[in-house]
Each structure stands twice: as C-alpha cells, then as structure tokens.
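Single-structure report; data block below.
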Amino acid sequence: MSTTHVLTLPENSQRPHLVLVWRIDADHILEIGADGRTDDHRIRYRYRLSHKNQAIFHGRDFCSGSGPRSVAETLLQAARSLLGYLTLRPGDVEADYFDDYTPEQLMWRDEFAEDLSAYAEDRCCGYCGGDHDSPACFTTPFEGDGGGQTSTNDQFDGSFAYVRAGDLRRWDVLFAPSRQITDEPSKEDAAIIAVQTSIGPQWYDADVLIWAYRPADPQRGCDECGADPGVPCNPVTCCALAMLEDAAEAAREER
C-alpha cells in the first residue's frame with residue numbers, strides 16, 4: 001500500500017473532494033475521500049486507516065464500481081467495502097495476497113482484523129445489529145446538554161457523547177487532536193456537513209457518528225490558555241484541551 005499524508009482539505013476545495021471520517025472504535029479511524037476518476041469514470045478514493053493515531057494503511061488504490069453515482073451517495077458504501085478489504089485474513093484470500101504487507105501491517109492484521117471485520121458486513125450493522133451498513137448507524141445520538149458522560153474537568157463542565165455530524169454545534173469539542181468548532185456547521189447538501197474548527201475546516205457525512213464534548217457554558221473563558229469568553233482555546237498550548245483529550249478517551253471506554 002502506498003503512503004500518503006493525512007487527509008486534509010483546502011479551504012477552497014470543490015465538491016468532488018469530500019471526506020468521510022469514520023471513528024470505528026476507540027482506537028481506529030478510517031478516513032476516505034474522493035480523489036478524481038479513473039479512465040473508465042469510476043471514483044478513485046484516497047484513504048487512511050489509523051490505529052491510535054498511527055497510520056496502518058494509506059493509499060489511493062481503491063475505486064468504486066462502474067456507474068454514474070455521485071461521490072456523496074457512495075462514501076458510506078465505499079467506507080464499508082474498503083474496511084472489508086483491509087480486514088482480510090489468511091483463509092479469506094490466497095497467501096500471496098499479503099506479500100506486500102509491512103511487518104506492522106501483518107501484526108495489526110493478526111491482532112485487530114477479525115474484530116473490525118464485523119463492521120464491514122453488508123447490511124448488518126456491527127454496532128446495533130440493524131439491517132444497514134455500520135458507517136450509517138446513528139442509534140446513539142447526542143442526548144442534549146447534560147446527557148451522556150459528564151466531565152469533572154473544571155475548565156470544561158459538560159458532557160461527552162456520540163454526536164451525529166449533522167447535529168454538531170459551535171463550541172463542541174472534537175478529538176484526536178482536541179479542537180473546538182468555531183462557527184456553526186453548515187450543510188453543503190443533505191449529506192455533507194462543513195465544520196470550521198480551531199485547526200482548520202473539515203467535512204463529514206451528515207450521518208457519521210463522532211465522539212464529541214459539549215460544554216455546558218461555551219462562552220466561559222479559559223484560565224489555562226487565557227482565551228477570553230467566546231474565543232476558542234489554543235489547540236496547541238491549552239492544557240485544558242489536553243486534559244479533556246484524556247478524559248474523552250476514559251469516557252469512551254466506560255460506555
């Protein structure tokens with residue numbers, strides 16, 4: 001598999017360059033986005049599967065099936081199909097399939113591929129068992145202010161929860177790395193949400209679940225980095241955001 005940089009989009013990115021960020025479990029994130037078309041008009045995807053923020057697979061060698069379908073309507077299916085390929089194990093394919101795997105990829109395959117393959121089943125959700133693909137599952141939506149796991153961090157009194165991207169709000173905190181949403185998210189269409197954060201813009205499928213934090217008092221200033229009320233914390237130097245990152249991981253493990 002070829003290596004690329006983390007998927008990021010320039011501010012003036014056009015609609016064909018949509019990225020889906022799928023946090024599969026506490027340790028794994030799959031990023032997949034369109035990267036042009038092949039000569040026979042299939043969608044070419046650039047992707048990155050990471051484990052604890054370390055890239056396991058990168059590439060742009062995965063393509064959609066033939067047909068005129070748009071990028072937005074194929075991303076969820078593409079994410080599920082790609083995960084199916086990345087979680088193949090001995091016995092699923094010929095032994096020489098793994099000849100180009102690195103030692104790190106082989107170790108990851110042996111330890112994690114079987115468990116993650118549950119989320120790659122066609123029309124069988126690995127989260128709730130429902131009759132839909134796992135990336136589309138939003139059976140644990142945000143419960144509102146005060147719902148979900150509650151933080152005891154003095155700087156950020158509020159709650160953790162899985163948030164459907166279409167329900168994100170300004171000042172919600174996203175993780176890996178910790179960053180605040182600085183403007184109200186906007187819809188590029190019914191399927192894609194544009195989110196401006198303190199480290200730059202990001203785009204999400206509206207139905208993808210994101211582990212996030214909703215402050216009870218988003219206008220409160222921060223004593224740690226000196227941010228005034230209504231001003232986002234510095235994602236590089238703010239100790240409160242760093243502590244919140246640790247608390248977010250602990251809260252996920254408790255769910």
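- A salt bridge between Asp172 and Arg214 is present, with a side-chain N of the basic residue lying under 4.0 Å from a carboxylate O of the acidic one.
- Taking the six-membered ring for Trp and the full ring otherwise, the centers of His58 and Tyr47 sit at least 6.0 Å from each other.
- In this structure, a donor-acceptor pair under 3.5 Å is absent between the side chains of Glu121 and Tyr119.
- Rounding to the nearest 0.5 Å places CG of Asp27 at 9.5 Å from OG of Ser50.
- With a 4.5 Å cut-off on side-chain heavy atoms, Trp171 and Pro232 count as touching.
- In plain terms, the two heavy atoms of Ala165 and Asp205 that are nearest each other are CB-O, 3.3 Å.
- Both Ile24 and Leu88 are assigned to one and the same hydrophobic cluster, defined by single-linkage of ILVMFWY side chains at heavy-atom distances under 4.5 Å.
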Evaluate Arg44 against Asp35 for salt bridge (charged side-chain N to carboxylate O under 4.0 Å, His left out), listing each step before the verdict. CA-CA 5 Å; Arg44 180 185 293 108; Asp35 188 36; 5.4 Å; no

What verdict does the side chain to side chain contact (heavy atoms under 4.5 Å, CB included) test give for Leu82 and Ile32, after you've listed the backbone C-alpha separation in whole Å, the side-chain angles of each residue and the deciding distance to 0.1 Å? CA-CA 9 Å; Leu82 174 61; Ile32 180 171; 3.9 Å; yes

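- Every residue was checked against the side-chain hydrogen bond (donor to acceptor under 3.5 Å, both in side chains) condition with Arg109, not counting sequence neighbours, and none meets it.
- Between the Asp110 side chain and the Met107 main chain, no donor and acceptor come within less than 3.5 Å of each other.
- Phe62 and Ala78 make their closest contact through CE2-O, 3.6 Å (heavy atoms, listed as atom of the first residue, atom of the second, distance).
- Under 4.0 Å is where a charged nitrogen must lie from a carboxylate oxygen, and between Arg48 and Glu31 at least one such pair does.
- In this structure the side chain of Tyr85 never reaches within 4.5 angstrom of the side chain of Asp92, judged on heavy atoms.
- Checked against the 6.0 Å centroid criterion, the rings of Tyr101 and Phe57 qualify as a close aromatic pair.
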Walk me through it: do Lys187 and Ile192 pass the test side chain to side chain contact (heavy atoms under 4.5 Å, CB included)? CA-CA 6 Å; Lys187 290 185 177 180; Ile192 302 299; over 6 Å; no

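- Taking CG of Asn53 as the reference point, atom CZ of Phe175 lies at 13.0 Å (rounded to 0.5 Å).
- Ser198 contributes a side-chain N or O that, together with a main-chain N or O of Gln180, makes up a donor-acceptor pair within less than 3.5 Å.
- Taking the side chain as every heavy atom from C-beta outward, Pro185 and Gln196 never approach each other to under 4.5 Å.
- The closest donor-acceptor contact from the side chain of Arg169 to the backbone of Asp167 lies at 3.5 Å or more, if one exists at all.
- Of all non-hydrogen atoms in Ala34 and Ile43, the two that sit nearest each other are CB-CG2, 4.0 Å.
- Of all heavy-atom pairs spanning Ile199 and Pro177, the tightest one is CD1-CG, 4.0 Å.
- Classified by interplanar angle (parallel below 30°, tilted 30° to 60°, perpendicular above 60°), the ring pair His51/His28 is tilted.
- If you take CG on Asp228 and SG on Cys222, they are separated by 10.5 Å, rounding to the nearest 0.5 Å.
- More than 12 heavy atoms of other residues, nucleotides or ligands lie within 6.0 Å of CZ in Phe98, so this atom counts as buried by the packing criterion.
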Show your reasoning for whether side chain to side chain contact (heavy atoms under 4.5 Å, CB included) applies to Cys63 and Tyr45. CA-CA 6 Å; Cys63 299; Tyr45 296 101; 5.6 Å; no

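- In plain terms, the two heavy atoms of Arg42 and Ser64 that are nearest each other are CD-O, 2.9 Å.
- Ala227 and Cys233 make their closest contact through CB-CA, 4.1 Å (heavy atoms, listed as atom of the first residue, atom of the second, distance).
- The environment of Glu114 atom CD is sparse: at most 12 non-hydrogen atoms of other residues, nucleotides or ligands sit within 6.0 angstrom.
- One finds the CG atom of Leu30 at 7.0 Å from the CG atom of Leu86 (value rounded to the nearest 0.5 Å).
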For a side chain to side chain contact (heavy atoms under 4.5 Å, CB included) check, start with the C-alpha distance between Leu168 and Leu174, then their side-chain angles and the critical distance, and finish with the verdict. CA-CA 10 Å; Leu168 288 168; Leu174 310 180; 4.0 Å; yes

